[in-house]
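Since the structure comes first, as structure tokens, the remarks are kept for the end.
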There are 2 protein chains.
Amino acid sequence: MRGGCGVRAMTGRETPWVERFPGLSRLAQETKDLLLSKSSIVEVPSGTVIFGPGKSPENMLFLLEGTVRVQQVSDTGREIVLYRIHSGESCVLTTACLLAYEDYAAEGIAETAVRAVAVPRKVFDDLVGQSKAFRDFVFAAFSKRITDLFLMVDEVAFQRMDVRLGQRLLALADAAGAIATTHQKLSIELGTAREVVSRQLQEFQRRGWVQQSRGKVRICDRRALENLVEHHG
Amino acid sequence: MRGGCGVRAMTGRETPWVERFPGLSRLAQETKDLLLSKSSIVEVPSGTVIFGPGKSPENMLFLLEGTVRVQQVSDTGREIVLYRIHSGESCVLTTACLLAYEDYAAEGIAETAVRAVAVPRKVFDDLVGQSKAFRDFVFAAFSKRITDLFLMVDEVAFQRMDVRLGQRLLALADAAGAIATTHQKLSIELGTAREVVSRQLQEFQRRGWVQQSRGKVRICDRRALENLVEHHG
DNA sequence: TGCGCCTCAGTGACATTGTCACCAACGACC
DNA sequence: GGTCGTTGGTGACAATGTCACTGAGGCGCA
């Protein structure tokens, strides 16, 4: 689900950004034109807090490039990553969400440099009213988010930590199996304590599944991790 | 699942059901009329599985009476209650949800006898298109559900079990402090094991906060439980 | 009444995970 | 070299989850 190439070429007018969103390419030309004319492209550097407690976004974002990490910050100080928005996906829910309920504890952070299309709330609302195709796109986004959150609750409540860590390692690894992250960051991914991650990684290393160095993890036996995840998940 | 009856208590035209939903009473009269004419009232007995794996609802429900419990069933056999829909609330998300993504493991169960208004998918979509007020209602419902799920993840991941049990006891108790439920059912509320609930309740009883008998829990010291919940949650 | 059968709850042993305090290794910087 | 913050390792302990088993209560029925 990542755009990768094509983004650069997008800067020309041969391929308007609308075409890069599977759900939006089906819109009527008139709707696309409205969307294109009333929106603007924003760029934010890596690490920017896009929304958070006391910082509501006024625009709906459609990500062209980069990823946004959404995480819950507990009042106990612990954190957990809820989900990520990748390029080609939209922030539909977060905005609608935060507009209605101000008492939330989640925040969205640009995990990389991000380029996105900002659609003002008003334009968004008009589009939902005018276009059935756009409605379908929006509801599909909401639906996916909610079912994912259902699965997230299930995972946090019932899944073993070694399986969850294995999942994340596989998801975060690049093609060579390398992951540039710390135990601390991995513990936030899973909503657990750093010590737990350290212990699990040591066990994985003892079994020859991964190798560790400061700030890095490398998967040596992808098959074994997949088997762990598959068998118990 | 047929319309028809329900005339019993709904009687007469003095208060159309639309007025009983805070968000809907603001609709234009024309929108209300459309909603009233194109929907039907259904009644389902307690215990009915309204939706679940392999059983998608074709209608959007607005609850007039009763409650629906939505729970996640893990492939490990364990379960956890995600949320409840009370009278005056709508099922917006579940329907939209299940329409788009068939691979879910959540189910909705009528916890009591339920009377509800069934709005066909098509009518719902038209209303979203026509009425800004209806859109606001729908997005507010989605938003509340999503923020609640954020909090749910937070609670499951970080909150102590005694605090969570205390919360549920306070929420489920009637005015006299009585709760008619088993340890097993309480464990499903929290997504934990029965033994854990038994141990916690014993500790609460030892402290004089609750009294237990077969299939029943009675809160003796509501203040103490509130203090537990308040102080650590 | 006594019997069988089911649900409900209690218990102990153990595994997993979370918490806390502390320490050692590493790298950036002066 | 020396200092400092970050990163990761360790052990003790608490909280929670898992498992196997026990017994108490309720209910139908001969």
Side-chain angles (χ1 to χ4, degrees), chain A residues 47 72 74-80 153-169 178-207 210-218 228-229 231-233, chain B residues 47 72 74-80 153-169 178-207 210-218 228-229 231-233:
Chain A
Q72 175 82 8
S74 174
D75 49 9
T76 66
R78 287 178 60 188
E79 304 171 44
I80 184 168
V153 170
D154 189 298
E155 184 189 313
V156 171
F158 303 132
Q159 197 67 278
R160 291 175 53 91
M161 199 50 79
D162 53 356
V163 174
R164 294 180 58 206
L165 179 58
Q167 282 176 349
R168 288 295 173 133
L169 291 179
I179 307 157
T181 188
T182 66
H183 294 189
Q184 177 65 49
K185 284 181 183 165
L186 283 172
S187 75
I188 292 177
E189 292 283 332
L190 302 171
T192 184
R194 177 190 60 79
E195 295 92 322
V196 175
V197 171
S198 294
R199 284 197 290 246
Q200 292 291 354
L201 283 177
Q202 275 182 304
E203 177 61 19
F204 287 173
Q205 187 171 38
R206 195 189 63 76
R207 297 184 193 175
V210 305
Q211 282 186 344
Q212 297 184 70
S213 55
R214 190 181 178 85
K216 270 181 289 189
V217 180
R218 202 171 65 78
L228 172 73
V229 171
H231 197 265
H232 295 280
Chain B
Q72 175 82 7
S74 173
D75 50 9
T76 66
R78 286 177 62 187
E79 304 171 44
I80 184 169
V153 170
D154 189 297
E155 184 189 313
V156 171
F158 303 132
Q159 196 67 276
R160 291 175 51 92
M161 200 48 81
D162 53 356
V163 175
R164 294 179 58 206
L165 179 58
Q167 282 177 348
R168 289 295 173 131
L169 291 179
I179 307 158
T181 187
T182 65
H183 294 187
Q184 177 65 49
K185 284 180 183 165
L186 283 172
S187 74
I188 291 177
E189 291 285 331
L190 303 171
T192 184
R194 177 190 59 80
E195 295 91 322
V196 175
V197 171
S198 295
R199 283 197 290 245
Q200 293 291 354
L201 283 177
Q202 275 182 303
E203 177 61 19
F204 287 173
Q205 187 171 38
R206 194 188 65 75
R207 297 185 194 174
V210 304
Q211 282 185 343
Q212 298 183 69
S213 55
R214 189 182 177 85
K216 270 180 290 191
V217 180
R218 203 171 64 77
L228 172 73
V229 171
H231 196 265
H232 295 280

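Predicted model only: the values in this text are computed from it and were never measured. Sequence lines set the chain letters: A, B, ... in the order given, protein chains first and strands last, and positions in each chain run from 1.
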Checklist entry - Given C:dT11, is OP1 or OP2 found less than 4.0 Å from the side-chain N or O atoms of B:Gln202? => result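 Checking C:dT11 against B:Gln202, a side-chain N or O does come within under 4.0 Å of OP1 or OP2.
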
Item to check | Residue met sooner reading DNA chain D from 5', once A:Phe158 and A:Gln184 are mapped to nucleotides | outcome: A:Gln184

Return the set of residues passing side chain to side chain donor-acceptor pair (under 3.5 Å) with [X] (not counting sequence neighbours), or none when no residue passes.
{"X": "B:Glu195", "result": "none"}
{"X": "A:Arg199", "result": "none"}
{"X": "B:Arg218", "result": "B:Gln211"}

Item to check | Contacts of A:Arg214 that satisfy salt bridge (Lys or Arg N to Asp or Glu O under 4.0 Å) - sequence neighbours left out | outcome: none

Item to check | Pairing residues for A:Glu155 by the salt bridge (Lys or Arg N to Asp or Glu O under 4.0 Å) criterion, not counting sequence neighbours | outcome: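 Applying salt bridge (Lys or Arg N to Asp or Glu O under 4.0 Å) to A:Glu155 gives A:Arg164.
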
Checklist entry - If you look at every heavy atom in A:Val210 and A:Val217, which pair is closest and at what distance? => result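 Looking at all heavy atoms of both residues, the shortest contact is CB-CG1, 4.1 Å.
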
All N/O contacts under 3.5 Å from nucleotides 4-6 of chain D to the protein, with atom names and distances to one decimal?
unit_1 : atom_1 : unit_2   : atom_2 : d
D:dT6  : O2     : A:Arg214 : NH2    : 2.4

Item to check | Rounded distance in Å - CD (A:Glu203) to C1' (C:dT17) | outcome: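 After rounding, the reported distance stands at 15 Å.
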
Checklist entry - Which residue pairs pass the ring pair (Phe, Tyr, Trp, His ring centres under 6.0 Å) test when at least one of the two sits in residues 180-201 of chain B, sequence neighbours left out? => result none

Next on the checklist: What contact category does A:Arg164 fall into here, base, sugar-phosphate, or nothing, at under 4.0 angstrom with non-hydrogen atoms?
Outcome noted: nothing

Checklist entry - Which is true for A:Gln200 with a 4.0 Å heavy-atom rule: it touches a base, it touches only sugar-phosphate, or it touches nothing? => result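 Counting heavy atoms under 4.0 Å across all strands, the contact made by A:Gln200 is with sugar-phosphate only.
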
Checklist entry - What pairs with B:Gln184 under side chain to side chain contact (heavy atoms under 4.5 Å, CB included), at least two apart in sequence or on another chain? => result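 Partners of B:Gln184 by the side chain to side chain contact (heavy atoms under 4.5 Å, CB included) criterion, ordered by chain and then number, come out as B:Thr182, B:Ser187, B:Ile188, B:Arg194.
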
Next on the checklist: Nearest to the A:His183 side chain among D:dT18, D:dG8, C:dT16, which nucleotide is it?
Outcome noted: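 Among the listed nucleotides, the one closest to the side chain of A:His183 is D:dG8.
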
Checklist outcome for this item: What residues 190-199 of chain B contributes to the DNA chain C interface at heavy-atom separation below 4.0 Å is B:Arg194, B:Glu195, B:Ser198, B:Arg199

